[in-house]
Amino acid sequence: MPRLPPSLFWRAHQISPHAPNLLLACRDLPSTALELRWIKDHITTTPSTTTPPFLRLAHLIRLRARGLPLQYVLGTQPFGTLTIRCRRGVLIPRPETESYTLELADVLFRTPTRSLTVVDLCTGTGCIPLQLFASLRARFPSLAAHGVDVAPGAVALARENARQLGPLGAAQGVTFHRASIFSPAAGLPPFPAGEIDLLTANPPYISRGAFARSTARSVRNHEPRLALVPDGVPASVVAALGCEAFPEDVFYARILELCRGWRPKRVFLEVADGEQAGRVFL
Ligand SMILES: C[S@@+](CC[C@H](N)C(=O)[O-])C[C@H]1O[C@@H](n2cnc3c(N)ncnc32)[C@H](O)[C@@H]1O
């Protein structure tokens, strides 16, 4: 990473005495000014009864200067029509995930039925099923969205995120289950065969090597490895699923195995790149 010239810190200081610290994370003046404004807006819109605003500002800027992603500093990330809560330990939703989720909603909108069921495996914050539910609830009188994740923190956060859909979304239409997709059938939610209209998943798919080589430092240092690298799966499971040569594909092998039982009408899986897509789907 190239060093920043001292003159840039001086120019940042002219924006605000806090800006030089933010510049360490943002690396340029326009992003620094923008993030400073977002952090100040956040403090104004979420008043604290215990900590004065100037102390909160200094604290949040210190966290950001240490490289903590902005979404963990502010606690949210816009996603489609929703504001998804974010917390350390749960992956931050990405713009490409937002973009295909909205496209999937458009496709499903044209389904000529009155009821619809969607299942999202490895759901994290719940962003995918929650946005599908928000986009489609006016169209389908009977709509069920399910999210499954192994991490207790992810399931708790997804349930918190469901509350912004109101009592209907939180209580009836959207359900989050805590389970590993590698559990035997009895440990997984009992989705009846042929009843799922769309199954989605953005599973951990980065190889150990690619994680060390090519992920951004803020991702490596602050986002959960469990969400990104599938290296916690026992070797015997990797072998049984035929993924010894490419262990990073093991979640897809298991998801496709589950699909043979659940028989979803459509499947949409996020992959790292064309090479992985070729191995997984062809
Ligand atoms: C790449 S993140 C995707 C999160 C979310 N769907 C999104 O797109 O922002 C992968 C998720 O898979 C979950 N996960 C990891 N191992 C799992 C397992 N064995 N079974 C179910 N979920 C798992 C992680 O906790 C993480 O939330």
Side-chain angles (χ1 to χ4, degrees), residues 69 71-72 76-80 82-105 118-133 145-162 174-185 187-189 191 198-207 210-211 215-216 219-220 222-238 240-241 243 247-259 262 267-273 276:
Q71 293 87 343
Y72 290 150
T76 55
Q77 166 67 20
F79 189 92
L82 306 176
T83 300
I84 292 291
R85 285 190 188 198
C86 298
R87 234 181 351 245
R88 277 187 257 200
V90 184
L91 193 91
I92 298 163
R94 303 298 202 259
E96 58 272 23
T97 310
E98 175 187 20
S99 145
Y100 69 68
T101 302
L102 293 172
E103 293 219 8
L104 287 169
V118 299
V119 171
D120 179 48
L121 302 178
C122 303
T123 202
T125 57
C127 54
I128 298 173
L130 289 170
Q131 181 58 53
L132 290 175
F133 188 86
H146 298 268
V148 179
D149 204 289
V150 73
V155 174
L157 187 59
R159 287 182 181 142
E160 278 177 43
N161 275 319
V174 190
T175 315
F176 290 103
H177 313 261
R178 187 181 161 224
S180 167
I181 67 156
F182 294 96
S183 307
L188 286 163
F191 302 121
L198 172 69
L199 182 137
T200 55
N202 173 15
Y205 56 63
I206 305 177
S207 68
F211 182 75
T215 49
V219 174
R220 275 200 312 278
H222 298 285
E223 295 206 65
R225 188 184 168 97
L226 172 77
L228 298 161
V229 187
D231 56 1
V233 182
S236 57
V237 175
V238 174
L241 288 164
C243 293
E248 62 269 33
D249 296 348
V250 69
F251 272 70
Y252 301 104
R254 174 61 177 155
I255 291 168
L256 294 177
E257 184 177 71
L258 290 171
C259 286
W262 288 337
V267 177
F268 185 97
L269 307 178
E270 181 174 327
V271 290
D273 53 25
Q276 188 169 46

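Note that the coordinates shown come from a computational prediction; the quantities given were computed from them, not determined experimentally. Just follow the structure's listing: the first ligand is 1, and inside any ligand the first atom is 1.
- Looking at atom 14 (N) of ligand 1, its nearest protein heavy atom turns out to be Val150 CG1, 3.8 Å.
- A donor-acceptor pair under 3.5 Å is formed between the side chain of Asn161 and the backbone N or O of Thr125.
- Scanning all protein heavy atoms for the shortest distance to atom 16 (N) of ligand 1 gives Phe251 CZ, 3.4 Å.
- Considering all non-hydrogen atoms of both residues, Glu223 and Ile92 come closest at OE1-N, 3.0 Å.
- The shortest heavy-atom distance from Ala179 to ligand 1 is under 4.0 Å.
- The closest approach between any non-hydrogen atom of Thr125 and ligand 1 is not below 4.0 Å.
- Residue Cys127 touches ligand 1 through its side chain alone, judged by heavy-atom distances below 4.0 Å.
- For ligand 1, the atoms lying closer than 4.0 Å to a non-hydrogen atom of Thr97 are 8 (O).
- Once rounded to the nearest 0.5 Å, the distance linking CG of Leu121 with NE2 of His146 reads 11.5 Å.
- Gln77 contributes no side-chain N or O that, together with a main-chain N or O of Gln71, makes up a donor-acceptor pair within less than 3.5 Å.
- When only modelled atom types and interatomic distance are considered, Gln276 and Tyr205 share no side-chain donor-acceptor pair under 3.5 Å.
- Distances below 4.0 Å separate heavy atoms of Phe182 from the following atoms of ligand 1: 19 (N).
- Residue Pro93 has at least one heavy-atom neighbour below 4.0 Å for each of these atoms of ligand 1: 9 (O).
- For Asp120 and Thr200, the side-chain atoms include at least one donor-acceptor pair closer than 3.5 Å.
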Going through the distances and angles, do Asp149 and Phe176 end up as a side-chain contact (heavy atoms from CB on, under 4.5 Å)? CA-CA 8 Å; Asp149 204 289; Phe176 290 103; over 6 Å; no

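- When heavy-atom distances to ligand 1 are checked against a 4.0 Å cut-off, Tyr205 has no atom that comes that close, whether in backbone or side chain.
- Arg87 has a carboxylate O that lies under 4.0 Å from a charged side-chain N of Glu160, or vice versa, which qualifies the two as a salt bridge.
- Contacts with ligand 1 closer than 4.0 Å are made by backbone heavy atoms (N, CA, C, O) of Thr123 only, the side chain lying farther away.
- Closest protein heavy atom to atom 27 (O) of ligand 1: Asp149 OD2, 2.7 Å.
- Closest protein heavy atom to atom 19 (N) of ligand 1: Ser180 OG, 3.1 Å.
- Here is the list of ligand 1 atoms found below 4.0 Å of a heavy atom in Leu226: 15 (C), 25 (O).
- For Arg94, the CZ atom sits in a packed shell: over 12 heavy atoms of surrounding residues, nucleotides or ligands are nearer than 6.0 Å.
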Derivation of the side-chain contact (heavy atoms from CB on, under 4.5 Å) call for Leu241 and Phe182: CA-CA 11 Å; Leu241 288 164; Phe182 294 96; 3.9 Å; yes

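- At least one N or O atom of Asn202 sits closer than 3.5 Å to an N or O atom of ligand 1.
- Those atoms of ligand 1 that come under 4.0 Å of a heavy atom in Ile181, given as number and element, are 18 (C), 19 (N), 20 (N), 21 (C).
- Selection from Ala227, Pro230, Ala154 by nearest heavy atom to atom 10 (C) of ligand 1 gives Ala227.
- Here the side chain of Thr215 pairs a donor or acceptor atom with the backbone of Phe211 at under 3.5 angstrom.
- Looking only at distances, a side-chain donor or acceptor of Arg178 sits under 3.5 Å from a matching main-chain atom of Val150.
- Heavy-atom proximity to Gly124, at under 4.0 Å, picks out these atoms of ligand 1: 4 (C), 27 (O).
- The Ala151 neighbourhood of ligand 1 comprises atoms 25 (O), with distances under 4.0 Å to a heavy atom of that residue.
- When each atom of ligand 1 is checked for a heavy atom of Leu91 under 4.0 Å away, the hits are 1 (C), 2 (S).
- For Cys122, a nitrogen or oxygen atom sits less than 3.5 Å from a nitrogen or oxygen atom of ligand 1, counting backbone and side chain alike.
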